[in-house]
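What follows is one structure encoded as structure tokens, with my remarks underneath.
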Protein chains: 2
Amino acid sequence: MQAAQTWQSVQHEVLRRIHAREWKPGDLIPNEAELAKELGCARTTVNRALRSLAERGLLERRRKAGTRVAAQPVAKATLNIAVIRHEVEDRGARYGYQLALREARVAPTHISAALGVGVQDRLLHVVALHLSDDAPYALEDRWINAVHVPAALEQDFRSISANEWLLQNVPYTRGEISFAAKPASAENAKHLNCPENSALLAINRLTWDHEQSVTAVQVLFAPGHHMRARI
Amino acid sequence: MQAAQTWQSVQHEVLRRIHAREWKPGDLIPNEAELAKELGCARTTVNRALRSLAERGLLERRRKAGTRVAAQPVAKATLNIAVIRHEVEDRGARYGYQLALREARVAPTHISAALGVGVQDRLLHVVALHLSDDAPYALEDRWINAVHVPAALEQDFRSISANEWLLQNVPYTRGEISFAAKPASAENAKHLNCPENSALLAINRLTWDHEQSVTAVQVLFAPGHHMRARI
DNA sequence: CATGTTTTTATGTGTATACATAACAGCATG
DNA sequence: CATGCTGTTATGTATACACATAAAAACATG
């Protein structure tokens, strides 16, 4: 073997050996220096290839211990959570938006607790419906930490969704996201134009800017919605 | 600014500027050479830092065009789809496994079509329940392409789940995954010990080994299940 | 023999350098 | 004026080299 000058070609060769079971799950593979010599390239190049495979979860690397083929390759599905408008437009549909509710009020305790604000603090609550070719696509129910983001109180969110406005105007440094299935409440069902108790895909997000919470949002998708990803 | 000797520190500094809105969404940032000079490190180091931020979706890079802060940072949620046994054990619960069905038969047409096999081919159909502390955790309904993986016909899947056996024994080169919410059928409800039509989180996976399909599986999680991820 | 220390080793990273490549801009030519 | 060429520029990557660091293994010492 020789002349594998690019890190991609090294990666392909390593992948080939894994898929061909020349290197089986759990096996220790040759170290970087040996592979570099065998494949006729620099160790840096091998490192680049192996590091990227490790990031994808196919290899497990530890200093001194060496590199081994992941025993049970944890499939990493990367979901792109885009602005809902873009998601709809990317499917080639016409996007529509309807503000359903906008109020500044004291939040239920589970919300103020999640956002780490006082139970007396007034937060901004926005509910909006996103449409795809005039059909209900997703229902967004959002609480914005108005203490940290007072500018949100100036916005009426009639023509731009809170989803989009926040992304453009308020940075965040970290966030949590979770996926679940939920039955449609009577209120949900009315907005999404579906039977009550329909199974809805729910995405909950909570974002923070350093130590300050920014927003907590639940997005409920219309029945039948799928989120797809590559492995 | 100087003495930012590690790519992580360069990355932190870049992140700081983005979060502090010194570089706003859509802005073109200085090129690698300039940043390297300003921060007092090699261009390679800057490259390492920026490449990794681009992979995370915070920067958009194009040759010659330069690097800009992502206008609408598409949040990338990376979900780790582990072996179900590990998922349960990682939560500190006792794992249990019950095989519900194992049969070799001609598959429904939507399955044989998805797997790209002939409508006459006999496939292996396995249904199993995964338990967490004796409570139903997830219901796995799987079809295995027995034409490509004849060894699966030798396995009874009584003590090891198909989930785990396949990962250890059959490689795949690519796959698709999708998430949805589905109402529990009468059959599902019985297995998962929940009311019929409960909202269930469903994960569908289809994997391929080069041009051959390997398996199509649907995993239905018990009501209330959440999948979590960081952003 | 148990426990702490040193050595060795594999990966991780920083540097300087060189060349490759994509893409834009401007120029030339029909 | 459209179309194609050509140079310039920013990122992408390969190389050799050096040193850092984590961790296993070997060793020493009470």
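First the proteins, then the strands, lettered A, B, ... as listed; each starts at 1. Predicted model only: the values in this text are computed from it and were never measured.
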| From C/dG12, D/dT13, C/dG14, nucleotide with atom closest to A/Gln8 side chain | D/dT13
| task | Indicate, with a heavy-atom threshold strictly under 4.0 Å, whether A/Ala65 touches base, sugar-phosphate, or nothing. | result | nothing
| Can you find an N or O donor on one side and an acceptor on the other, under 3.5 Å apart, linking the side chain of A/Arg48 with the base of D/dG12? | no
| Mind checking whether B/Phe179 and A/Phe179 have parallel, tilted or perpendicular rings, split at 30° and 60°? | parallel
| field | d(NZ, A/Lys37; P, C/dA10) in whole Å | value | 13 Å
| query | Any side-chain N or O of B/Thr45 under 4.0 Å from OP1/OP2 of C/dT13? | reply | no
| What about A/Arg63, does its side chain sit under 3.5 Å from the base of D/dT21 through a donor-acceptor pair? | yes
| Would you say the side chain of A/Arg43 and the base of C/dG12 hold a donor-acceptor pair, judged only by whether the two atoms sit under 3.5 Å apart? | yes
| query | How close or far is atom C1' of D/dT9 from atom CD1 of B/Ile29, stated in whole angstroms? | reply | 16 Å
| said: Rounded to whole Å, please give me the gap between CG in B/Leu50 and C1' in D/dT13. | reply: 15 Å
| query | Would the number of heavy atoms belonging to other residues, nucleotides or ligands and lying under 6.0 Å from NE2 of A/His12 be above 12? | reply | no
| request: Hey, which sits more toward the 5' end of DNA chain D by its nearest nucleotide, B/Thr67 or A/Ala42? | output: B/Thr67
| request: Please say which of B/Arg48, B/Arg61, B/Arg51 ends up in a salt bridge (Lys or Arg N to Asp or Glu O under 4.0 Å) with B/Glu32. | output: B/Arg61
| field | Separation of D/dT21 C1' from A/Glu32 CD (nearest whole Å) | value | 14 Å
| OP1 or OP2 of C/dT13 under 4.0 Å from side-chain N/O of A/Asn47 | no
| Rounded interatomic separation in angstrom, taking CZ from A/Arg61 and C1' from C/dG12 | 9 Å
| query | Can you tell me how far P of C/dA23 sits from CD of B/Glu60, to the nearest Å? | reply | 14 Å
| field | Proximal nucleotide (of D/dG12, D/dT13, C/dT9) relative to the A/Lys64 side chain | value | C/dT9
| Between D/dA23 atom P and A/Leu28 atom CG, what is the distance in whole Å? | 16 Å
| message | Less than 4.0 angstrom from a charged side-chain N to a carboxylate O is my criterion; do A/Glu34 and A/Lys37 meet it? | response | no
| query | Counting distance only, does the side-chain N/O of A/Arg205 pair as donor-acceptor with the main-chain N or O of A/Val217 below 3.5 Å? | reply | no
| field | Nearest-Å distance for atom pair CG/C1', residues B/Asn31 and C/dA22 | value | 16 Å
